[in-house]
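Notes follow once the structure below has been shown.
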Amino acid sequence: MNYDHILIRYGEMTLKRNNRKIFVNQLHENVRAKLHDFPDIKVKANRDRMYILLNGTDPEPILEKCKDVFGISSFSLAIKADNEVDAIKEAALYALENSNAKTFKVTTKRINKDFPIGSQDLNQILGGHLLTNTEGFTVNVHEPDVEIVVEIRSEATFVTSTRIEGAGGLPVGSSGRTLLLLSGGIDSPVAGYLTMKRGVKLEVIHFHSPPFTNERAKQKVLDLVRRLTEFGHTIQVHMIPFTNLQQKIHRDIPHGYSMTVMRRMMLRISEAVAKKRDILSLTTGESLGQVASQTMESMHAINAVSAYPVLRPLIAMDKLDIIPISKQIGTYDISVLPYEDCCTIFIPNAPKTKPRLEKVEFFENQLELEEDFQEALLQMETIEITPNQVEEFQDLF
Ligand code: ATP
Ligand code: MG
């Protein structure tokens, strides 16, 4: 006898009646990808539950990994038993004896109505069996140290004694893809994480300005992406050289307006990349009023270059709410590393907090930026990041 399974309960996707199969299949694929380093396990999915068959593998590292998979509401170590009273008794006894509890309660869920004994009756039978065959345990139905849950399903009965909270959300890949504008800052990785939580698969775009930004700044971005792959497996990162455009903007646009023009250029390039990659939205880490580029007027002037949907999951969040999430997902320590970002280098001391759209357009029209825009796209370098390795390849299109 042993805890030989992990039982996974689905989250919100149980609401999606018609699309349920798509959600379950996506979650199945994501769990398998997440656990591909464990060759002996098997992952089985059906309409209501997913099961990991451990086949002798230590469950601890697997339980740890399950915590990062979106679409899981909770999961438990489980013992599989035949749908037959003696087998269930034995499993329940094992679960109680291997807990650190003094008090317990048995809860039967008879999903398989063909099972001949009702839930209440089976609770009594199992409770009696446990009391007779152990010493030092008592029943406490209101606040037990451990709840032995017996789920009688058509294929088998699963006995569990712990319940671990899952990450919630929807399985990554079930809500399409977005292109995340990722800086080296605190906010945009959190924005990426929250978007993934709603089932969206990420690609990433990053603007850098060599030689003003160095290799370590680039590595920092890749390290941030590697953290994000923990929640969604492979992520492609598109690196855009931004130096020429930034130098021109810096030289020829009145300083109060250079930040706005630069952001507009970022948005244009991002939209072009998203279109090429068949991606239907962009995502940023913007939060209203946080800095000059994130006032209502700035967002209006910047957003005017694109009709593309821009997801801004942090728009209404305080920095103090964003930081704990970045710590929890492990991006904070990377984000606070001091390497220069392309924006910090070229940003004027006093960017306009209320840029006027007509003025922005007027200044921009004085410049010839089209060639540099195309050049930046051509020079794009794409890097694929997986949780464990970095592969580099260029000229994706
Ligand atoms: P973050 O902490 O994400 O850097 P921030 O508070 O510093 O955000 P800004 O610097 O104004 O705010 O950037 C706003 C958003 O623009 C970022 O959240 C990110 O989505 C995008 N962005 C900024 N710089 C870059 C960059 N170099 N490459 C890609 N996207 C960027
Ligand atoms: Mg920033």
Side-chain angles (χ1 to χ4, degrees), residues 178-195 202-210 212-214 217-222 224-225 227-228 235-243 245-246 249 258-274 281-299 301-303 305-306 308-323 325-327 329 331-348 351-353 355 376 380-383:
T178 195
L179 183 64
L180 171 70
L181 282 77
L182 186 74
S183 68
I186 292 171
D187 301 326
S188 40
V190 174
Y193 167 83
L194 291 175
T195 316
L202 297 186
E203 290 196 16
V204 162
I205 186 166
H206 176 72
F207 297 85
H208 64 144
S209 298
F212 301 102
T213 58
N214 61 25
K218 182 174 163 186
Q219 190 58 47
K220 174 179 170 179
V221 169
L222 299 182
L224 285 171
V225 175
R227 284 299 314 152
L228 292 177
I235 297 178
Q236 291 196 351
V237 186
H238 308 294
M239 291 280 182
I240 303 280
F242 208 40
T243 319
L245 279 163
Q246 278 195 307
I249 293 168
S258 61
M259 184 271 298
T260 314
V261 173
M262 188 187 80
R263 293 284 182 203
R264 283 161 61 94
M265 191 49 77
M266 278 190 177
L267 197 55
R268 281 196 189 100
I269 293 175
S270 301
E271 181 186 312
V273 172
S281 70
L282 307 174
T283 298
T284 73
E286 287 164 301
S287 162
L288 194 58
Q290 204 188 75
V291 288
S293 64
Q294 295 167 31
T295 62
M296 201 66 84
E297 291 79 0
S298 276
M299 287 202 290
I302 294 166
N303 219 119
V305 296
S306 169
Y308 234 64
V310 180
L311 311 183
R312 298 181 174 91
L314 311 185
I315 198 68
M317 286 174 75
D318 292 353
K319 197 81 178 182
L320 288 178
D321 299 325
I322 298 168
I323 288 174
I325 303 178
S326 75
K327 288 185 173 163
I329 65 175
T331 54
Y332 181 82
D333 289 341
I334 306 170
S335 291
V336 295
L337 293 173
Y339 314 124
E340 292 280 26
D341 173 58
C342 70
C343 305
T344 39
I345 293 169
F346 288 97
I347 274 301
K352 280 255 181 284
T353 53
M380 180 175 99
E381 172 196 18
T382 294
I383 303 169

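Residue indices begin at 1 and follow the sequence shown. Both counts, for ligands and for their atoms, begin at 1 and track the order of listing.
- Each of the following atoms of ligand 1 lies closer than 4.0 Å to a heavy atom of I205: 29 (C).
- Considering backbone and side-chain atoms together, M266 places no N or O closer than 3.5 Å to any N or O of ligand 1.
- Inclusion of L181 in the set of residues having an N or O under 3.5 Å from an N or O of ligand 1 is warranted.
- Minimum heavy-atom separation, T382 to M380: OG1-CE, 3.5 Å.
- Close N/O approach between G285 and ligand 1 is found [any backbone or side-chain N/O within under 3.5 Å].
- For the pair Q294 (side chain) and S287 (backbone), a donor-acceptor distance under 3.5 Å is present.
- In L180, neither the side chain nor the backbone holds a heavy atom less than 4.0 Å from any atom of ligand 1.
- Residues P189 and S335 meet the side-chain proximity criterion, which asks for heavy atoms closer than 4.5 Å.
- The distance criterion of under 3.5 Å between nitrogen or oxygen atoms is not met by G184 with respect to ligand 1.
- One option in K319, H238, R263, E286 has a heavy atom closer to atom 22 (N) of ligand 1 than any other, and that option is R263.
- Checking side-chain atoms of T195 against main-chain N and O of A191 turns up a donor-acceptor pair under 3.5 Å.
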Would you sort out whether L228 and L180 count as a side-chain contact (heavy atoms from CB on, under 4.5 Å), showing the intermediate values? CA-CA 11 Å; L228 292 177; L180 171 70; 4.2 Å; yes
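- Proximity of H208 to ligand 1, defined as any heavy-atom pair under 4.0 Å, is not found for any part of the residue.
- Taking a cutoff of 4.0 Å between a charged side-chain nitrogen and a carboxylate oxygen, E381 and K218 qualify as a salt bridge.
- No more than 12 heavy-atom neighbours from other residues, nucleotides or ligands sit within 6.0 angstrom of NZ on K352.
- Near T284, the atoms of ligand 1 lying under 4.0 angstrom from a non-hydrogen atom of the residue are 20 (O).
- For the side chain to side chain contact (heavy atoms under 4.5 Å, CB included) with L314, the qualifying choice from I186, T283, V190, L288 is V190, the only one to do so.
- Close contacts between ligand 1 and I186 involve ligand atoms 2 (O) [criterion: under 4.0 Å to a heavy atom].
- Residue Q294 has at least one nitrogen or oxygen atom sitting less than 3.5 Å from a nitrogen or oxygen atom of ligand 1, judged on distance alone.
- Ligand-side atoms of ligand 1 in range of G185: 1 (P), 2 (O), 4 (O), range being under 4.0 angstrom from any heavy atom.
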